[in-house]
There are 2 protein chains.
Amino acid sequence: MPNPLRPSTRDAIVEAAFDVLSRDPSAALAQVAERAGVGRATLHRHFATREALIRALALTAIEEMDAAAEAACADARSYEDAFRRMLTVLIPLGDRHGFLSREPVDDDPEIAAEFQRQMDETREMVEGAKAEGLFDPAVPTAWITQAFDHLLYAAWESVRAGEATHAQAADLAWRTLTHGLGTGGAERKRP
Amino acid sequence: MPNPLRPSTRDAIVEAAFDVLSRDPSAALAQVAERAGVGRATLHRHFATREALIRALALTAIEEMDAAAEAACADARSYEDAFRRMLTVLIPLGDRHGFLSREPVDDDPEIAAEFQRQMDETREMVEGAKAEGLFDPAVPTAWITQAFDHLLYAAWESVRAGEATHAQAADLAWRTLTHGLGTGGAERKRP
DNA sequence: TTGGCATGAGACAAATATGTCTCATTTGAG
DNA sequence: CTCAAATGAGACATATTTGTCTCATGCCAA
């Protein structure tokens, strides 16, 4: 009887694919199989086509981001707290998931739906944070989302380039985001 | 006698390559040739290999960014003014040059040197702006550069997504950058 | 007109990636 | 131990891309 809790081969392939494709998005599946320590035929037994493998990677990435976001929000005392925690936990995922943004995964309706759902959740958080006074209500929510995403990316790249530690980059991105989009007095020192 | 002022075929190929490859970085050269309205053989007469074409695109992009930056700085009255103008003129180049960041052009020493030179120029501008009081001297110059680059990218994407006009996106990116990295009181309203 | 030159069209070989298939071996449950 | 499922190795066909080559055509200048 096949053990449903032992898909180790499949997991190894997914892991190897993240590893290899994040370094070279056009790498051949043979490299992925080699990195996973399995034969190329076995890879195709688990993922019929390259497209199917990429789709599995995208779904895995979404799961991982959900898990990270949920963990960050779990014991957050406010939207501000939640955003600050999310920034920290999402930075390390850049290496792993970054290359997927250059893959045409939006064609798949399931992936597109999940993306939309995450976008909506982020928008809700931004609006909650606006109500809290963290962000200026006059700034479009769409821009706050863009700025969050790209400053997150900047932080990841800063760490990757050795310009800052994980904690330093998170602090800098946070400062840039909040002081830039704040209501204008929240961060002022009390005299 | 060959007219040195009429490399129209070569220009058409470069233009088509920007057009096609920015939409699909893995597009075949046949698509580039077709878009340029030339035969595939002619493309190879001008650019022996795909790599040579990409290199030409990178050099063209660097030239265009230099020209845009120079125009922005030409009649700038301060570093702050120069940064604000550069933000505006560089946003439209995102569509055209963005895909090059995912090409392994750094292998070419000439390209790498040009990149380094542009980085150095940006760093000098950041330090000048720090001395002017635009940026907090306590914030690492490397982070200011990263934030500028990525907020520029965010602005471009915002325009592309139809979330904002060119001018609106530039304003939002500028606000995010300066109020976030400012000395802390420059933008405060005088009572 | 004539001659050189760039081009277009297409054939061609080589390299690479993909997906399928077969067969021998291993592994784990019964 | 025995058997079925999973796997590894490798052959195989196919498709795609790349780069080269040839030949006929159009164009511009002398």
Item to check | Residue closer to the 5' end of DNA chain C, B:G37 versus A:A48 (nearest nucleotide) | outcome: B:G37
Item to check | Aromatic ring proximity B:F148/B:F135, centre distance under 6.0 Å | outcome: no
Checklist entry - Would you say a side-chain N or O of B:H46 is under 4.0 Å from OP1 or OP2 of C:dT7? => result yes
Next on the checklist: On the nucleotide D:dT7, are OP1 or OP2 found under 4.0 Å from the side-chain N or O atoms that A:T9 carries?
Outcome noted: yes
[N] [atom2] sits how many Å from [X] [atom1], rounded?
X	N	atom1	atom2	value
A:I13	D:dA6	CD1	C1'	12 Å
B:I54	D:dT17	CD1	C1'	14 Å
A:L53	C:dA17	CG	C1'	14 Å
B:R50	D:dT18	CZ	C1'	10 Å
A:H44	C:dA17	NE2	P	13 Å
A:F47	C:dT20	CZ	C1'	18 Å

Checklist entry - Which nucleotide sits closest to the side chain of A:T42: D:dG19, D:dG8, C:dG19? => result D:dG8
Checklist entry - Would you say the side chains of A:T88 and A:W174 form a donor-acceptor pair under 3.5 Å? => result no
Next on the checklist: Could you tell me if B:E163 and B:S158 have a donor-acceptor pair between their side chains, going purely by distance under 3.5 Å?
Outcome noted: yes
Checklist entry - What about A:R45, does its side chain sit under 3.5 Å from the base of D:dG8 through a donor-acceptor pair? => result yes
Item to check | Distance-only donor-acceptor test, B:R40 side-chain atoms vs D:dG19 base atoms, 3.5 Å | outcome: yes
Checklist entry - Can B:W156 be reached from B:L100 by stepping across I, L, V, M, F, W or Y side chains whose heavy atoms are under 4.5 Å apart? => result no
Next on the checklist: Within the 4.0 Å heavy-atom criterion, would you say B:A28 contacts the bases, only the backbone, or no part of the nucleic acid?
Outcome noted: sugar-phosphate
Checklist entry - Is any side-chain N of the basic residue among A:E127 and A:K130 closer than 4.0 Å to the acidic one's carboxylate O? => result no
Next on the checklist: Nearest heavy atom decides the nucleotide; on that basis, is B:A41 or A:L43 closer to the 5' end of DNA chain D?
Outcome noted: A:L43
